[in-house]
Novice: 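Got a structure here, written out as structure tokens. Questions coming.
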Amino acid sequence: MSYKHIQTVPNNVMIAASLAGLAISLAPPLLLARLLMMGALGTTAAIFRVLTVEVDEESIHWQFGNGFPNWSLPLSEISAVETIRTTPLMGWGIHYVGHGWLYNIYGLNAVDLTHKDGRHTIIGTDDAANLAAVISERI
């Protein structure tokens, strides 16, 4: 049995972010700078609109957007799984949060994967309990 979950950013959040992005892109004085800013913001929104997490018999895979960027972690490298609640200060996106890398598009629920070497990978999801259960069952 494999697990697959697709999380999307709610439409109202995307609309608010789009309006904020449009306002920011109007700030640069040159037309070219505005177009580049709008292109960068649009690309970022397209990539970070969706997070897909899959677990098969050997690995956990997660990807943003249409498959780029993507990551994979062998289940054999995981020593512990815990559902956690991130803080607003931990934010969204892909970044290091002090004890591990966070991959999150929206919300505060996540699964914290402890590697056998002590590192952590934190995957944000709106299905944390089920994801943690599937991974726990397989390790």
Side-chain angles (χ1 to χ4, degrees):
M1 175 180 108
S2 65
Y3 170 92
K4 181 176 182 178
H5 180 71
I6 300 170
Q7 179 182 359
T8 59
V9 175
N11 287 334
N12 59 343
V13 173
M14 285 303 292
I15 291 169
S18 296
L19 292 174
L22 181 60
I24 290 169
S25 69
L26 295 176
L30 302 173
L31 178 62
L32 180 59
R34 288 181 185 176
L35 292 174
L36 289 173
M37 178 74 80
M38 289 177 74
L41 291 170
T43 301
T44 301
I47 290 172
F48 291 101
R49 170 95 167 116
V50 176
L51 174 61
T52 303
V53 179
E54 296 181 72
V55 181
D56 59 28
E57 296 302 322
E58 298 177 0
S59 300
I60 178 170
H61 312 274
W62 62 101
Q63 66 185 24
F64 290 94
N66 292 325
F68 178 81
N70 64 66
W71 296 266
S72 186
L73 176 65
L75 294 173
S76 61
E77 291 185 18
I78 300 172
S79 63
V81 180
E82 178 183 9
T83 59
I84 63 168
R85 188 134 169 98
T86 63
T87 67
L89 291 177
M90 290 173 84
W92 301 330
I94 305 166
H95 54 275
Y96 193 76
V97 291
H99 70 286
W101 283 91
L102 172 72
Y103 305 86
N104 191 12
I105 63 166
Y106 181 76
L108 300 176
N109 295 321
V111 173
D112 186 347
L113 306 172
T114 304
H115 299 234
K116 289 183 177 175
D117 64 5
R119 293 179 298 131
H120 289 258
T121 298
I122 304 157
I123 302 173
T125 178
D126 57 356
D127 191 35
N130 289 329
L131 176 58
V134 168
I135 295 170
S136 294
E137 176 184 297
R138 302 224 170 127
I139 63 170

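This structure is a prediction, so every number in the text was calculated from the model and none was measured.
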Novice: Nearest 0.5 Å, please: how far is CD1 in I84 from CG in D112?
Specialist: 4.5 Å

Novice: Which residues, ordered by chain and number, are linked to L89 in its hydrophobic cluster, where ILVMFWY side chains connect at heavy-atom gaps below 4.5 Å, directly or through other members?
Specialist: none

Novice: Applying a strict under-4.5 Å side-chain criterion to I, L, V, M, F, W and Y, I'd like to know whether I60 and V134 cluster together.
Specialist: yes

Novice: So, do V53 and Q7 sit near enough that their side-chain heavy atoms are less than 4.5 Å apart?
Specialist: no

Novice: Are the side chains of T121 and I78 in touch, meaning some heavy atoms are under 4.5 Å apart?
Specialist: no

Novice: Does S76 have any side-chain contact (heavy atoms from CB on, under 4.5 Å) partners at least two apart in sequence or in another chain, and if so, which?
Specialist: P74

Novice: For W71, enumerate each residue passing the side-chain contact (heavy atoms from CB on, under 4.5 Å) test, keeping only those at least two apart in sequence or located in another chain.
Specialist: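 Result, side-chain contact (heavy atoms from CB on, under 4.5 Å) vs W71: W62, F64, P69, I94, Y103.
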
Novice: Which distance, rounded to the nearest 0.5 Å, do you find between the OG1 of T8 and the CD1 of I6?
Specialist: 9.0 Å

Novice: Could you give the distance from CD1 (I135) to CG (L73), rounded to the nearest 0.5 Å?
Specialist: 8.5 Å

Novice: Hey, could you give me the CD1/CG distance between I122 and L113, rounded to the nearest 0.5 Å?
Specialist: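 With rounding to 0.5 Å, CD1 (I122) is 9.0 Å from CG (L113).
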
Novice: Specify whether H99 and H120 have parallel, tilted or perpendicular ring planes, treating 30° as the upper limit for parallel and 60° as the lower limit for perpendicular.
Specialist: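 H99 vs H120 ring planes: perpendicular.
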
Novice: Taking side-chain contact (heavy atoms from CB on, under 4.5 Å) as the test, write out the residues that go with N70, two or more places apart.
Specialist: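 side-chain contact (heavy atoms from CB on, under 4.5 Å) check on N70 returns Q63.
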
Novice: For H5, run the side-chain contact (heavy atoms from CB on, under 4.5 Å) check against D127, T52, L131 and tell me which one passes.
Specialist: D127

Novice: Do L75 and Y3 sit in one hydrophobic cluster, given that two such residues count as connected whenever their side-chain heavy atoms are within less than 4.5 Å of each other, even indirectly?
Specialist: yes

Novice: Does some side-chain heavy atom of V9 sit less than 4.5 Å from a side-chain heavy atom of F48?
Specialist: no

Novice: Is S2 reaching over with its side chain to a backbone N or O of V55, donor-acceptor style, under 3.5 angstrom?
Specialist: no

Novice: Any salt bridge (charged side-chain N to carboxylate O under 4.0 Å, His left out) pairs touching residues 65-94, not counting sequence neighbours?
Specialist: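 Qualifying pairs: none.
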
Novice: Just to verify, what does A128 make a side-chain contact (heavy atoms from CB on, under 4.5 Å) with, not counting sequence neighbours?
Specialist: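 So A128 forms a side-chain contact (heavy atoms from CB on, under 4.5 Å) with T83, N109, V111, T125.
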
Novice: Where do V97 and M90 come nearest, in terms of heavy atoms and distance?
Specialist: CG2-CE, 3.7 Å

Novice: Between P88 and L108, which heavy-atom pair has the shortest distance, and what is it?
Specialist: N-CD2, 3.9 Å

Novice: Answer with yes or no whether the hydrophobic clustering places L51 together with L102; edges join I, L, V, M, F, W, Y residues whose side-chain heavy atoms lie under 4.5 Å apart.
Specialist: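 Result: no, two separate clusters.
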
Novice: Hey, what do you get for OG (S79) to CG (D117), rounding to the nearest 0.5 Å?
Specialist: 8.5 Å

